[in-house]
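Comments concern the structure below.
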Amino acid sequence: MTRYSRIAGTGSYLPPRRLTNAELAADLATRGVETSDEWIVERTGIRARHFAAPDVTSSDLGVEAAKNALQAAGLQASDIDLIIVATSTPDMVFPSAACILQNKLGIAGCAAFDVQAVCSGFVYALTVADAMIRTGSASKALVIGAEVFSRILDFSDRTTCVLFGDGAGAVVLEASETPGILASDLHADGKHVGILCVPGNVSGGQILGDPLLKMDGQAVFKLAVGVLESAARATLAKANLTDADIDWLIPHQANIRIMQSTAKKLKMPLEKLIVTVDQHGNTSAASIPLALDAAVRSGKIQKGDTLMLEGVGGGFTWGAVLLKY
Ligand code: ACO
C-alpha cells in the first residue's frame with residue numbers, strides 16, 4: 001500500500017504585543033524615521049504586526065504553536081517522532097531551535113533539526129517531512145515555522161522595518177493511506193544572495209559585518225511574482241491537476257500586491273486567497289502556517305479542500321506544496 005502524509009492538525013501563536021502602523025510610525029518618528037499608515041497600507045497591505053518581548057525566542061513562540069497543533073490533532077507530544085523547525089532567527093547559533101523546542105515539549109529521542117530557507121522555510125520543511133514520512137523514517141512529524149524577525153530589523157531603515165513581524169505556526173504531519181501532500185516543487189538560485197540577506201556573522205566572539213536585514217525590495221518583488229507562478233504550475237503538473245482544482249491559495253504573506261498578482265495569474269478569484277499579511281506583516285517562515293491555521297480555525301478551510309502553499313524568500317529560494325487538507 002502506498003504511504004502518504006497528511007496534515008492532522010494546525011496551530012499558531014503570536015506574541016501579545018501588537019503594533020498598528022500608526023503606533024509603529026509614532027515610535028519610528030521618535031528616532032527621526034518618517035513613515036505613515038497610508039504608505040504602508042498602499043504599498044504592502046500591512047496594517048499591524050506583533051513583536052516578541054526581548055527575552056522571547058523563536059522556540060518559545062514555536063512551542064506554543066506546536067502545542068496548539070498537537071491539541072488539534074488529538075495527539076500528545078510523546079507521539080511525535082520528528083521535529084523540523086523552519087527559522088532564520090534561531091535561539092542560538094547552535095544547537096538548533098528544534099532541539100530546544102523538543103526539550104520544551106518535554107520529549108526526547110526523536111530527530112529534531114532546523115531548516116533555513118528564509119521565507120520559503122516552511123514549504124522546504126514540509127517537503128522534507130513528507131519525504132521522511134513516505135519513506136518510513138517518521139510517522140508523526142511536527143513541522144513548525146517560527147521567527148523573531150524584529151531582532152534583525154534596522155529600525156533606521158524605513159524601507160524594511162515596517163514590513164516584518166514575529167510569530168509561529170505549526171502542523172502535525174502524519175502517515176496516511178490517502179494523500180495528503182500531492183506534490184511539491186522546491187528551488188533556489190544563490191546568485192541573488194545580495195538582494196535579501198543579513199550579511200553579518202559571528203567570528204572570534206564578535207559580530208563580523210552587518211547583522212541587520214538588507215533588502216532590494218523592487219528586485220525581490222519582480223523575482224517573486226515570476227517564481228510564484230512557475231512553482232504553482234510545476235506542482236499542479238506533477239499532481240496532474242489544473243488551476244481550477246485549487247480551493248485555497250496560501251502564498252507567503254509578504255505583500256498583498258504580490259499575493260493578488262499570483263492569484264490573478266492562476267485565474268483564482270481573490271476570495272480564494274488566504275490573507276493574514278494585513279494583521280501579521282511578513283513573519284518569514286512562520287507566515288504560511290500562521291495563515292493556514294487562521295483559515296482552518298475560522299472555518300474557511302474544510303477537510304478535503306485542495307490547498308496551494310507557496311513560499312519565496314532570501315537565498316533566493318522558492319517553492320510550492322499542493323495538498324488535500
Ligand atoms: N514609508 C514612507 N515612504 C517610504 C517607505 C516607508 N516605510 N519606504 C520607502 N519609502 C519611499 C522611498 O524612499 C521612495 O521614495 P522616493 O520615490 O522619494 O525615492 C518611495 O517610498 C517608493 O519606494 P519603492 O521602494 O519604489 O516602493 P515600492 O513600491 O517598490 O515598495 C516594497 C517597496 C514594499 C518593499 C516592495 O518593493 C516590496 O514589497 N518588495 C518585496 C518584498 C518581499 O516580498 N519580500 C519577500 C521576501 S522577504 C524574506 O525572504 C525575508
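Numbering of residues begins at 1 and proceeds along the displayed sequence. For ligands, and for the atoms within them, numbers begin at 1 and follow the listed sequence.
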Check your understanding: To which of Arg158, Met259, Arg257 does the heavy atom nearest atom 11 (C) of ligand 1 belong?
Key ->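 Nearest option to atom 11 (C) of ligand 1, by heavy atoms: Arg158.
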Study note, to complete from the structure: Of Ile46, Val220, Leu163, Leu28, the residue with the heavy atom nearest atom 43 (C) of ligand 1 is Val220
Hey, does the side chain of [X] reach the backbone of [Y] with a donor-acceptor pair shorter than 3.5 angstrom?
X      : Y      : result
Gln260 : Leu270 : no
Asp278 : Arg47  : no
Asn255 : Arg43  : yes
Arg158 : Glu34  : yes
Asp27  : Leu24  : no
Ser287 : Thr283 : no

Would you confirm whether any non-hydrogen atom of the protein falls under 4.0 Å from [atom]?
atom                    : answer
atom 14 (C) of ligand 1 : no
atom 18 (O) of ligand 1 : no
atom 8 (N) of ligand 1  : yes
atom 46 (C) of ligand 1 : yes

Among all protein non-hydrogen atoms, which one is nearest to [atom], and what is the separation to 0.1 Å?
atom                    : result
atom 10 (N) of ligand 1 : Trp39 CZ2, 3.4 Å
atom 22 (C) of ligand 1 : Arg43 NH1, 3.5 Å
atom 34 (C) of ligand 1 : Thr44 CG2, 3.6 Å
atom 26 (O) of ligand 1 : Gln218 NE2, 2.5 Å
atom 41 (C) of ligand 1 : Gly217 O, 3.5 Å
atom 49 (C) of ligand 1 : Cys119 SG, 2.6 Å

Exercise for review: Look only at interatomic distance and state if Gly314 has a nitrogen or oxygen under 3.5 Å from any nitrogen or oxygen of ligand 1.
Suggested key: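 Between Gly314 and ligand 1, an N or O pair is found under 3.5 Å apart.
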Practice item. Please state whether Ala224 comes within less than 4.0 angstrom of ligand 1, counting heavy atoms only. Key: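 Ala224 does not count as a contact of ligand 1 under the 4.0 Å cut-off.
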Are [X] and [Y] ion-paired here, with the side-chain N under 4.0 Å from a carboxylate O?
X      : Y      : value
Asp166 : Arg49  : no
Asp79  : Lys140 : no
Asp60  : Lys104 : yes

Review point. Which is it for Asn282 and His252 under the side chain to side chain contact (heavy atoms under 4.5 Å, CB included) test, yes or no, and what are the steps along the way?
Key: CA-CA 8 Å; Asn282 179 348; His252 169 48; 2.9 Å; yes
With a heavy-atom distance limit of 4.0 Å, tell me whether [X] approaches ligand 1 through its side chain, its backbone, both, or neither.
X      : value
Thr35  : both
Asn282 : side chain
Leu196 : side chain

Could you list the atoms of ligand 1 found under 4.0 angstrom from a heavy atom of [X]?
X      : result
Met215 : 42 (C), 45 (N)
Gly313 : 50 (O)
Val162 : 7 (N)
Thr159 : 8 (N), 9 (C)
Asn255 : 34 (C), 38 (C), 39 (O)
Ile258 : 41 (C), 44 (O)

Review point. In terms of hydrophobic clusters joined by side-chain contacts under 4.5 Å, are Val171 and Tyr124 together?
Key: yes
Review point. So, for Gly180 and Arg6, which heavy atoms are closest and what is the spacing to 0.1 Å?
Key: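 Here Gly180 and Arg6 meet closest at CA-CB, 3.6 Å.
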Exercise for review: Verify whether one side chain among Arg151 and Thr57 offers a donor that lies under 3.5 Å from an acceptor in the other.
Suggested key: no
Review point. Roughly how far apart are Ile274 CD1 and Asp293 CG, rounded to 0.5 Å?
Key: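 Between Ile274 CD1 and Asp293 CG, I get 11.5 Å after rounding to 0.5 Å.
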